[in-house]
K.L.:
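Shown below is the structure under consideration.
When reading the values below, keep in mind they use all heavy atoms of this one structure, side chains included, and skip hydrogens, waters and symmetry mates. Order of the sequence lines fixes the chain letters, A, B, ..., with proteins taken first and strands second; residue numbering starts at 1 for each chain. Every value quoted in this text rests on a predicted model; they were computed, and no experiment measured them.
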Number of protein chains: 2
Amino acid sequence: MNLKQLSLMLELSQTTVSRALNGYPEVSEETRRRVMDAAKRHGYRPNPSARRLATGKAGMIGYVMPTGAAVDIDPHFVEFLSGLGDYARGHELDLVLSPADAQDEETTYRRIVANKQVDALYISAPCSADKRVALAHQLGIPFIVHGRSEGLDFDYPFIDIDNEGAFHDATRLLLQLGHRRVGLINGDDSQTFAIFRERGVRRALLESGLVLEPRQIRSVAMTEENGYRAARGMLEASDAPTAIVCSSLIMALGVVRAARDLRLSLPGDLSLVSHDDVFPWLRPEHFSVPLTTTRSSIRAAGARVAERLAARISGLEDGARGEVWPVDLVVRGSIAGVR
Amino acid sequence: MNLKQLSLMLELSQTTVSRALNGYPEVSEETRRRVMDAAKRHGYRPNPSARRLATGKAGMIGYVMPTGAAVDIDPHFVEFLSGLGDYARGHELDLVLSPADAQDEETTYRRIVANKQVDALYISAPCSADKRVALAHQLGIPFIVHGRSEGLDFDYPFIDIDNEGAFHDATRLLLQLGHRRVGLINGDDSQTFAIFRERGVRRALLESGLVLEPRQIRSVAMTEENGYRAARGMLEASDAPTAIVCSSLIMALGVVRAARDLRLSLPGDLSLVSHDDVFPWLRPEHFSVPLTTTRSSIRAAGARVAERLAARISGLEDGARGEVWPVDLVVRGSIAGVR
DNA sequence: GAGGGCGACCAAAGCGCTTTGAATTGCCGT
DNA sequence: ACGGCAATTCAAAGCGCTTTGGTCGCCCTC
């Protein structure tokens, strides 16, 4: 059943039927009702390929996915995707993942924009002066950044959590508990979120007249093993921290293991705070010692990104508004006053 | 630059240019070279929307992603995706994720097939007599199942790992070490992989004249917490198992935690084997006691699925060949002879 | 030398929509 | 009675490809 057949059946022109269906005002209410009705009855659905060709709109949102043998997709991504899907489902928005060579994402961005394969895209895990953000901006495709990029000479729309505030507050709490040597086990510091978190820790320390020693900070890919190594490295040193702030639950697993290997008890010998993106399959309250966390649902962020992308596509949103979400600090058993 | 301009420029018809570009034989080699050359020089790329409308082929592969507030996407998915992307990248194949109401995926399947939004799709985590597999088969769209479904009255193409063999071998090894009470902490047993794994354990036990008691088996969603609960439940019982086989590393984390809480040492008091899908961020060799695992890279499976989907799209593959991959049994410190 | 076959190319008809520009109608004011 | 105007409707021209159904030479065969 295509438009032609439907219009023949209704004894109307394709124009009128098309307009009726797409809510244009210049069609009488009665006609619209008739058309809508017939369309529903015959299960007519406009062919998206044809519509795409005619309008240039794809009805899809895109994500350029870096791939390569050495590239590991962040497990956070799947939770983000859940959220995106939650929203997109109700709006018949599909998501297209375009795999790209991690060394050369630009080609892929250019391709999907030139081909009009998607109406909007989102960019995740930006670094400073992120090339992709600059490119999307320059190509003029609607986009939302999940996270922030610093050092670009234009504004852009984003949603991010208050990483600096979260880590500041976590660190301040530890300081209030009497800790003086606080270590930071951070994610890869080419990424903005890690920079902000470090900044938060530093600011809190500074407020107490302390500084973050280079030995007390590690920036690594967020795996269990890296968490372990980083923690061990710090904890075996002579000026071992009495508290550690850590950027992901997965690394926190490694930190806990390191503490155990070194016969340090939590929270007696070591206080630990981790950021928690809220995975259903690994919860801080179920660690052997329940973990104090800075918590923000990455899934909720996914849903919000989808919502804003949809708004941008339909012209309901424009401009460069950035949204920064506050982060919960959830206190559990893994922190205590310093001995 | 579109086909028309290019053909004008070359003083050839659109037909000939199109054929030259698409490798049809009825164009002279010289002309083809000229065309190819000009296309490259002017950066001509056929408009995919137009091509789609004309051919009905989308140049994309699809995945219907169940979503909903209560639905958690499996973290395995992201690794699978990595693999898929690794292959797809080299072939300019994009993946479209169509979010669907987990209660009613059929509507979404029908939509994407009717709209010809994708040329082929893959189906993951099938259950017995999986509706989606039946539907894809019936709708006649090329597809590959990652995993298997039993109880369908037709054959279909799939790739799966030898879950039964893996769990059989793991269990047999434990039996050879003298264990007589082996527990199984399995994934949700509506899914085929869990059924096969259980079958493998049962078979191995049977070969030693043993049976798997209902108390010694748990089928749960694969979270850390569920692993913990299941292990605790088993280990606190009077006929506690001396060895546990477990379906995922994440659950194994919970099992280890339970053992620790109960002051059971690994492998002294409890032997543990887990299945390992090979995540970069959580490795069995880095558990406090290195874990013996049945190992199979889910990422490799993703790449293979993409490869076969591409082959199906281009007509290089058809029929219902199923591929079953062997699984490594990697022995590490978490198992020992029974005391 | 007529007929057939073949290699190379082309004009035009789709694919199924949206959108432009125009036509038709009824109604109002003057 | 007539021009003007708003409300509806329409025919046809795109969108940029692929594919059908040719044409046009040219060589080969009998």
Side-chain angles (χ1 to χ4, degrees), chain A residues 1-36 38-39 42-60 92 111-119 313-315, chain B residues 1-36 38-39 42-60 92 111-119 313-315:
Chain A
M1 169 68 42
N2 58 22
L3 185 60
K4 190 168 180 181
Q5 291 169 33
L6 187 65
S7 57
L8 243 43
M9 176 161 294
L10 285 162
E11 299 188 307
L12 283 170
S13 73
Q14 296 191 32
T15 310
T16 304
V17 176
S18 171
R19 301 214 130 130
L21 257 19
N22 292 318
Y24 282 67
E26 61 264 61
V27 51
S28 76
E29 272 317 308
E30 194 213 318
T31 308
R32 189 189 305 282
R33 216 176 305 278
R34 259 183 71 217
V35 171
M36 292 286 217
H42 297 84
Y44 168 74
R45 315 226 35 180
N47 177 321
S49 301
R51 172 175 274 178
R52 256 175 97 146
L53 181 57
T55 62
K57 311 237 101 189
M60 301 194 176
E92 285 202 6
R111 171 172 65 86
I112 66 178
V113 170
N115 290 349
K116 301 190 195 247
Q117 296 202 121
V118 299
D119 298 331
I313 290 174
S314 53
Chain B
M1 169 68 44
N2 58 24
L3 186 61
K4 190 168 180 181
Q5 291 170 32
L6 188 65
S7 58
L8 242 43
M9 173 162 294
L10 285 162
E11 299 189 306
L12 283 170
S13 72
Q14 295 191 33
T15 310
T16 304
V17 176
S18 171
R19 301 214 130 129
L21 257 20
N22 292 318
Y24 282 67
E26 61 264 62
V27 50
S28 76
E29 271 319 307
E30 195 213 320
T31 307
R32 187 190 307 279
R33 218 175 305 277
R34 259 182 70 218
V35 171
M36 293 286 218
H42 295 85
Y44 168 75
R45 314 223 38 179
N47 176 320
S49 301
R51 172 175 273 178
R52 255 173 95 147
L53 181 58
T55 62
K57 311 238 100 188
M60 302 194 175
E92 285 203 6
R111 171 172 65 86
I112 65 178
V113 170
N115 289 350
K116 299 189 198 262
Q117 297 202 119
V118 299
D119 297 331
I313 290 173
S314 53

K.L.:
Using a cut-off of 4.0 Å on non-hydrogen atoms, how would the nucleic acid contact of B:E30 be classed: base, sugar-phosphate, or nothing?
P.N.:
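Nothing, no nucleic acid heavy atom in range.
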
K.L.:
For A:S28 and D:dT9, is the shortest distance between a side-chain N/O and OP1 or OP2 below 4.0 Å?
P.N.:
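Checking A:S28 against D:dT9: at least one side-chain N or O falls below 4.0 Å of OP1 or OP2.
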
K.L.:
Please round to 10 degrees the angle between the axis of the first five pairs and the axis of the last five pairs in the helix from C:dG1-D:dC30 to C:dT30-D:dA1.
P.N.:
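Computed from the C1' atoms at both ends, the axes differ by 60°.
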
K.L.:
Would you check if the side chain of A:T16 reaches a backbone N or O of A:L12 as a donor-acceptor pair within less than 3.5 Å?
P.N.:
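Looks like no, no N/O pair under 3.5 Å.
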
K.L.:
Round to the nearest Å and state the distance from A:K57 atom NZ to C:dT19 atom P.
P.N.:
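Atom-to-atom, A:K57 to C:dT19, this comes out as 11 Å.
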
K.L.:
For A:L21, is there any backbone N or O sitting under 3.5 Å from a side-chain donor or acceptor partner on A:R32?
P.N.:
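Such a contact is absent between A:R32 side chain and A:L21 backbone.
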
K.L.:
Determine whether the side chains of A:N22 and A:R51 contain a donor N or O and an acceptor N or O closer than 3.5 Å.
P.N.:
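Yes - a donor-acceptor pair under 3.5 Å links their side chains.
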
K.L.:
Under 4.0 Å between any heavy atoms, over every strand shown, what does A:Q5 touch: base, sugar-phosphate, or nothing? Just pick one.
P.N.:
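Counting heavy atoms under 4.0 Å across all strands, no contact is made by A:Q5.
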
K.L.:
In this structure, how many angstroms lie between the P atom of C:dA22 and the CD atom of A:E26, rounded?
P.N.:
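Spelled out: CD on A:E26 to P on C:dA22 is 16 Å.
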
K.L.:
Rounded to the Å, how far apart are A:R32 CZ and D:dA7 P?
P.N.:
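Roughly 14 Å, once rounded to whole Å.
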
K.L.:
Do you know which of A:L8, A:L10, A:V27 makes side-chain contact (heavy atoms from CB on, under 4.5 Å) with A:V17?
P.N.:
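Result: among A:L8, A:L10, A:V27, A:L10 is the only option passing the side-chain contact (heavy atoms from CB on, under 4.5 Å) with A:V17.
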
K.L.:
Give a yes or no answer on whether the side chain of B:D119 reaches the backbone of B:G59 with a donor-acceptor pair at less than 3.5 Å.
P.N.:
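Yes, B:D119 side chain to B:G59 backbone: donor-acceptor pair under 3.5 Å.
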
K.L.:
Is A:S13 close enough to D:dC10 that one of its side-chain N or O atoms is under 4.0 Å from OP1 or OP2 there?
P.N.:
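True: A:S13 side-chain N/O within range (under 4.0 Å) of D:dC10 OP1/OP2.
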
K.L.:
Spell out, as yes or no, whether a donor-acceptor pair under 3.5 Å connects the side chain of B:N47 to the backbone of B:S49.
P.N.:
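Present.
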
K.L.:
For A:T15 and A:S18, test the side chains for any donor-to-acceptor distance below 3.5 angstrom and give the result as yes or no.
P.N.:
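There is no such pair (donor and acceptor under 3.5 Å, judged by atom type) between the side chains of A:T15 and A:S18.
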
K.L.:
Any protein N or O atoms within reach of nucleotides 15-18 of chain D? Criterion: under 3.5 Å, listing atom names and distances.
P.N.:
from   : atom 1 : to    : atom 2 : distance (Å)
D:dC17 : OP1    : B:Y44 : OH     : 3.2
D:dC17 : OP1    : B:N47 : N      : 3.3
D:dC17 : OP2    : B:L3  : N      : 2.6
D:dC17 : O5'    : B:Y44 : OH     : 3.0
D:dT18 : OP1    : B:N22 : ND2    : 3.1
D:dT18 : OP1    : B:R51 : NE     : 3.1
D:dT18 : OP1    : B:R51 : NH2    : 3.0
D:dT18 : OP2    : B:S18 : OG     : 2.5

K.L.:
Are any of the side-chain nitrogens in B:E29 or B:R34 under 4.0 Å away from the carboxylate oxygens of its partner?
P.N.:
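Answer for the salt bridge query: no.
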
